[in-house]
Asker: 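Sharing a structure, written as structure tokens. Questions coming.
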Protein chains: 2
Amino acid sequence: MSAESPVRIGFQPVRPVRAYQRVAEQIEERILAGELPPGSRLPAERELVRQFDVGRSTIREALRVLQSSGLIRSRPGDPLGAEVLGVSPDTLSHALGRLARSHLSSLAELIQFRMVLDAESYRLAARLHTEEDLRRLTELADRMGECVSCDPHAFSEADAQFHRVVAEASGNALLALCARAVHDAVVDAIEGELVRAERDGDAGEWMRRSVVHHREILAALRASDGGRAARLGREALFEHYAPHLPERDRERLRAALD
Amino acid sequence: MSAESPVRIGFQPVRPVRAYQRVAEQIEERILAGELPPGSRLPAERELVRQFDVGRSTIREALRVLQSSGLIRSRPGDPLGAEVLGVSPDTLSHALGRLARSHLSSLAELIQFRMVLDAESYRLAARLHTEEDLRRLTELADRMGECVSCDPHAFSEADAQFHRVVAEASGNALLALCARAVHDAVVDAIEGELVRAERDGDAGEWMRRSVVHHREILAALRASDGGRAARLGREALFEHYAPHLPERDRERLRAALD
DNA sequence: CCAGGCGACTGGTCAGACCAGTTGATCGAC
DNA sequence: GTCGATCAACTGGTCTGACCAGTCGCCTGG
């Protein structure tokens, strides 16, 4: 402590703002504000150099930041310039995947989180779903049934789509995006395990069980019984993943079953 | 369809991988694998140029990508090189904030999502909480009570911390991070509304109500009644935000009440 | 002992060059 | 005429070399 501390008036420490940051912020602002809609094109880099009056490396670093955020995409030789992609959930998936990979969150946490998001999707979807949603879900459940013991890849694809449709039927895009990101992260993280299980020969069995689960959930949705659908969804995920987890994690997952 | 379609063997379209991408991936890999723990330093850019055998602009673009992902931080003049920060939830918050800002999700969706995440935090926390958690929550609720009609800013801070402690007590770091990110996004988005409400003079009233809600939730948590805590949490959020939403959105929020 | 200055670094920025890829107009063969 | 190759004018990706303003450690003069 100094002898006389000067009067504190709310001065903020001024941190230098890099040129590439300001460029990136300006462009991001335009994109988020809708002035640069998805599909539109940014000027060429050398043109941006003129407009922003900075060096090309500065422009390129700014574009790199935007690209790593998934806001734009560029392709060498494209005379139209970088393409605006708009806000996409991929960044979210990426960030979630990184978190899942790092020690910050274990696979069990990821699955538990997926149980939460899926269950709440079901709960909301049970109230809001349309006939069209039900038709698509029925179709996807049927396709899953067809793919058992013939095409595991198509099965997974139909399964993923089933969850995606439910999440969208929940009426909450944010919830749907997060659910999808977590779904992808789980699939990425446990793919190896599932392949191993398949080698062990019980592949057809869990697929059949999964189809039954999905049909039950679908029935609950059709009956607009959100609580039941949510519970079934949690149980399905638990049954699906618990065998591949150590006992300690399994216990934690059980806590999310309710 | 062409006359003779060649035999399909699983060739993947080879997409060019940029040099800066490979550099960024290599470094990210080391960080995620824990070989470069938080706090450690990357070599200087010119040293990386030698190690990776690429130009400095390539190195810089790679570092820019890593920096925008929050994995590293660099400071001009630092003779130690860029600092490794490790995986942080900030990227997630940032991505969520962008999603919230874009047309992809309205404020109502954001709040609905927060109702879901908070409620599930309560449900899990009710099972897992420790005495220490309860002590901290009691303290925070008390502080909220003290701040009513004296320091709205401190009130908000205590409120935010209450939710953060609950989320951490849920035992799921991922859930906690998302809940925090969504909380921040909601606060960012509706700050203006709350200030307006405060001007209208009912500030003290909703703060008092909020304190009551938090105490009720705390009691439910103490009783390990997760279902009750979850329901109370949803109701508290609904009551808090519904008045500031148009009727249509309010209806959608009600759906999440259960 | 300490203050101040002097390098030797750092990251941030710029300018200019080259490469490989894309595109569209041009031009020649049919 | 149409079609296909050619070519020039772009694009983004990369490299080089330079300069600036900071930051740090050392070293020197007091």
Side-chain angles (χ1 to χ4, degrees), chain A residues 2 12-28 30-31 36 38-85, chain B residues 2-3 11-28 30-31 36 38-85:
Chain A
S2 66
Q12 298 294 327
V14 48
R15 87 188 73 253
V17 181
R18 313 290 166 210
Y20 74 87
Q21 267 180 3
R22 284 194 299 249
V23 171
E25 279 165 17
Q26 273 197 55
I27 298 178
E28 175 171 344
R30 295 274 184 121
I31 294 177
L36 291 168
S40 63
R41 302 302 187 120
L42 255 43
E45 292 182 2
R46 289 163 178 86
E47 172 60 25
L48 290 174
V49 166
R50 283 187 286 274
Q51 291 193 20
F52 283 101
D53 195 27
V54 294
R56 186 144 93 102
S57 47
T58 300
I59 291 291
R60 285 185 57 77
E61 288 182 28
L63 294 183
R64 209 85 297 150
V65 170
L66 295 174
Q67 191 174 39
S68 86
S69 299
L71 289 173
I72 66 171
R73 173 177 50 185
S74 59
R75 195 177 45 122
D78 189 340
L80 295 171
E83 182 183 2
V84 174
L85 295 177
Chain B
S2 67
F11 281 136
Q12 298 294 329
V14 48
R15 89 189 69 256
V17 181
R18 312 292 166 208
Y20 74 87
Q21 269 180 4
R22 283 194 300 248
V23 172
E25 278 165 16
Q26 272 197 55
I27 299 178
E28 175 170 344
R30 296 274 184 120
I31 295 177
L36 292 168
S40 62
R41 300 303 187 118
L42 254 45
E45 292 181 1
R46 289 161 177 87
E47 171 60 24
L48 290 174
V49 165
R50 283 187 286 272
Q51 291 192 20
F52 283 101
D53 196 28
V54 294
R56 185 144 92 102
S57 47
T58 300
I59 291 292
R60 285 184 57 75
E61 288 182 28
L63 294 183
R64 209 86 296 148
V65 170
L66 295 174
Q67 190 173 38
S68 86
S69 300
L71 290 173
I72 65 171
R73 174 178 50 185
S74 58
R75 195 176 44 122
D78 190 340
L80 295 171
E83 182 184 1
V84 175
L85 295 177

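The sequence lines fix the lettering, A, B, ..., with proteins before strands; numbering per chain opens at 1.
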Asker: Among residues 16-23 of chain B, which contact DNA chain D at a heavy-atom distance under 4.0 Å?
Answerer: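 Result for residues 16-23 of chain B: Arg18(B), Ala19(B), Tyr20(B), sorted by number.
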Asker: Locate the shortest heavy-atom distance separating Ser68(B) from Ser68(A); write the atom from each residue and the value.
Answerer: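 The answer is OG-OG, 2.7 Å.
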Asker: If I compare all heavy atoms of Val54(B) with all of Val49(B), which pair ends up nearest, and what's the gap?
Answerer: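 What the structure gives for the nearest pair is O-CG1, 3.0 Å.
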Asker: Atom CD1 in Ile59(B), atom CD in Glu45(B): separation rounded to 0.5 Å?
Answerer: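 Between atom CD1 of Ile59(B) and atom CD of Glu45(B) there are 8.0 Å.
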Asker: Enter the distance from Leu63(B):CG to Thr58(B):OG1 here, rounded to the nearest 0.5 Å.
Answerer: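 Leu63(B) CG to Thr58(B) OG1: 10.5 Å, rounded to 0.5 Å.
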Asker: At what distance, to the nearest 0.5 angstrom, does CG of Leu66(A) lie from CG of Leu85(A)?
Answerer: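 Those atoms lie 10.5 Å apart.
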Asker: Quick one: Arg75(B) CZ to dC9(C) P, roughly how many Å, whole number?
Answerer: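 The distance from CZ of Arg75(B) to P of dC9(C) comes to 18 Å, rounded to the nearest Å.
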Asker: Output yes when Arg50(B) and Glu47(B) qualify as a salt bridge under the 4.0 Å nitrogen-oxygen rule, no when they do not.
Answerer: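 Looking at Glu47(B) together with Arg50(B), the answer is yes, because their closest N to O distance falls below 4.0 Å.
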Asker: Please report the interatomic distance CD(Glu83(A)) to CZ(Arg75(A)), rounded to the nearest 0.5 Å.
Answerer: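 It comes to 8.5 Å.
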Asker: Is the backbone of Gly81(A) close enough, under 3.5 Å, to the side chain of Arg41(A) for a donor and an acceptor to pair up by distance?
Answerer: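 Yes; at least one donor-acceptor contact below 3.5 Å.
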Asker: When rounded to the nearest 0.5 angstrom, what distance separates CD in Gln67(B) from OH in Tyr20(A)?
Answerer: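 Atom-to-atom, Gln67(B):CD and Tyr20(A):OH are 4.0 Å apart.
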Asker: Heavy atoms of chain A, cut-off under 4.0 Å: which first and last nucleotide of DNA chain D, 5' to 3', fall inside that, if you could look?
Answerer: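 Taking any atom under 4.0 Å from a heavy atom of chain A, the span is dT11(D) to dT14(D).
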Asker: Listed in order of residue number, which residues of residues 48-64 of chain B have a non-hydrogen atom at under 4.0 Å from DNA chain D?
Answerer: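 When residues 48-64 of chain B is checked for heavy atoms under 4.0 Å from DNA chain D, the hits, listed by number, are Val54(B), Gly55(B), Arg56(B), Ser57(B), Thr58(B).
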Asker: Give, for atom CZ of Arg64(A) and atom OG of Ser57(B), the distance between the pair rounded to the nearest 0.5 Å.
Answerer: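 It comes to 10.5 Å.
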Asker: Quickly work out the Glu47(B) CD to dA8(C) P distance and round it to whole Å.
Answerer: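 From Glu47(B) CD to dA8(C) P: 19 Å.
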